[in-house]
Amino acid sequence: MKHSICSILLAMLFGGFLMAQSSESQNLVELPAPDTTGTVTLEQSLQHRESVRDYSKDALTLTQLSQLLWAAQGVTRPAEGKRTAPSAGAQYPLEIYVAVGNVKDIAAGVYQYIPDSHSLKLHLKADTREGLSGATMGQSWIAGVPVVISLSGVYERITDRYSSRGELYTHIEVGAVAENIYLQATAQNLGTVFMGAVDYATIREVLELEAEVQPFGLMPVGHPG
C-alpha cells in the first residue's frame with residue numbers, strides 16, 4: 001500500500017513537472033539561425049543609416065526579426081557567453097522585449113528575447129503597439145509599425161559589481177545595442193529610430209514589466225514608406 005501511494009505521488013510530481021515543461025515550451029518561439037555572412041558591408045550600412053519615421057504597412061518576416069534581435073544581444077561566443085554588443089564586465093544588464101504586431105509566422109504579442117537559446121518567450125498575448133504609441137509624446141504612427149523593440153534593463157545586475165557607475169555603464173550599453181539594431185535594419189533595407197522621448201511609466205504599464213526592469217527607449221522597425 002505504501003509503495004502504491006509513493007508511486008502515485010511520484011507520478012503526480014513527475015506529471016506536473018512534464019506539464020510545466022510543456023507549458024514553458026509552448027510559450028517559446030525558436031528563431032531562425034542568424035546570418036553571419038551578409039552581402040551588405042559595414043561601411044555601406046554606416047553610409048545609409050538614418051532615423052526613419054515613415055513606414056509602410058508591409059509585414060516583417062521571422063527571419064528579419066531574428067536577425068535584428070541577434071544583432072541586438074545575440075550570443076557570438078557561447079563558451080565565453082559573449083554577445084554582439086559590449087557590456088562592462090560582461091554583466092549584460094539589458095533585457096529586450098518585442099511588441100509584435102505584423103510579423104509572418106508569429107502571433108501578435110509581447111515577447112522577451114532569450115539570447116542563450118536565440119528564441120522568444122511569450123510575455124503577453126496582446127498587441128500592445130497602440131498602447132505604446134501613447135508613451136511617445138504624440139507619435140501615434142508607431143501603432144502601425146510591424147514591431148516595436150523595447151530596450152530595457154536591470155540595474156542590479158551590474159551595480160552589484162560596479163556600484164552607482166553601473167547605471168552609467170548600462171546607458172552606454174543601450175547606445176551600443178541601439179546602433180547594432182540601426183545597422184542591421186539598414187542592411188536588411190528596413191528602417192528604425194531610437195525613441196528616447198517617451199513616458200517610461202506608460203511603457204512599464206503597457207508591457208507589464210517587473211518592478212526591477214527599467215525601460216530606456218523604444219525602437220520601432222519596419223519597411224520605410
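Between P220 and V193, some side-chain heavy-atom pair lies under the 4.5 Å cut-off. Contact annotation: the side chain of W70 approaches that of T76 to within less than 4.5 Å [non-hydrogen atoms, C-beta and beyond]. Annotation: side chain of L151 is in contact with side chain of I181 (closest heavy-atom distance under 4.5 Å).
Membership of the apolar cluster around L183 extends to L42, L46, as traced through chained side-chain contacts below 4.5 Å between ILVMFWY residues.
Here the closest heavy-atom approach between residue P93 and residue E173 is recorded as CD-OE1, 3.1 Å. Between T128 and A99, the closest heavy-atom pair is OG1-CB, 3.4 Å.
For R204, there are no salt bridge (charged side-chain N to carboxylate O under 4.0 Å, His left out) partners, not counting sequence neighbours.
Within 6.0 Å of atom CD in E130, 12 or fewer heavy atoms from other residues, nucleotides or ligands are found, so the atom counts as exposed in its surroundings.
In summary, R157 and E95 engage in a salt bridge, as defined by a charged side-chain N under 4.0 Å from a carboxylate O.
Using cut-offs of 30° and 60° on the angle between ring planes, the pair F216 and Y155 is perpendicular.
Residues Y182 and S45 bring no donor and acceptor atom of their side chains to less than 3.5 Å of each other. Judged by distance alone, the side chains of T61 and T63 never bring a donor and an acceptor atom under 3.5 Å apart.
Atom CG of D160 and atom CD of Q91 lie 8.5 Å apart (nearest 0.5 Å).
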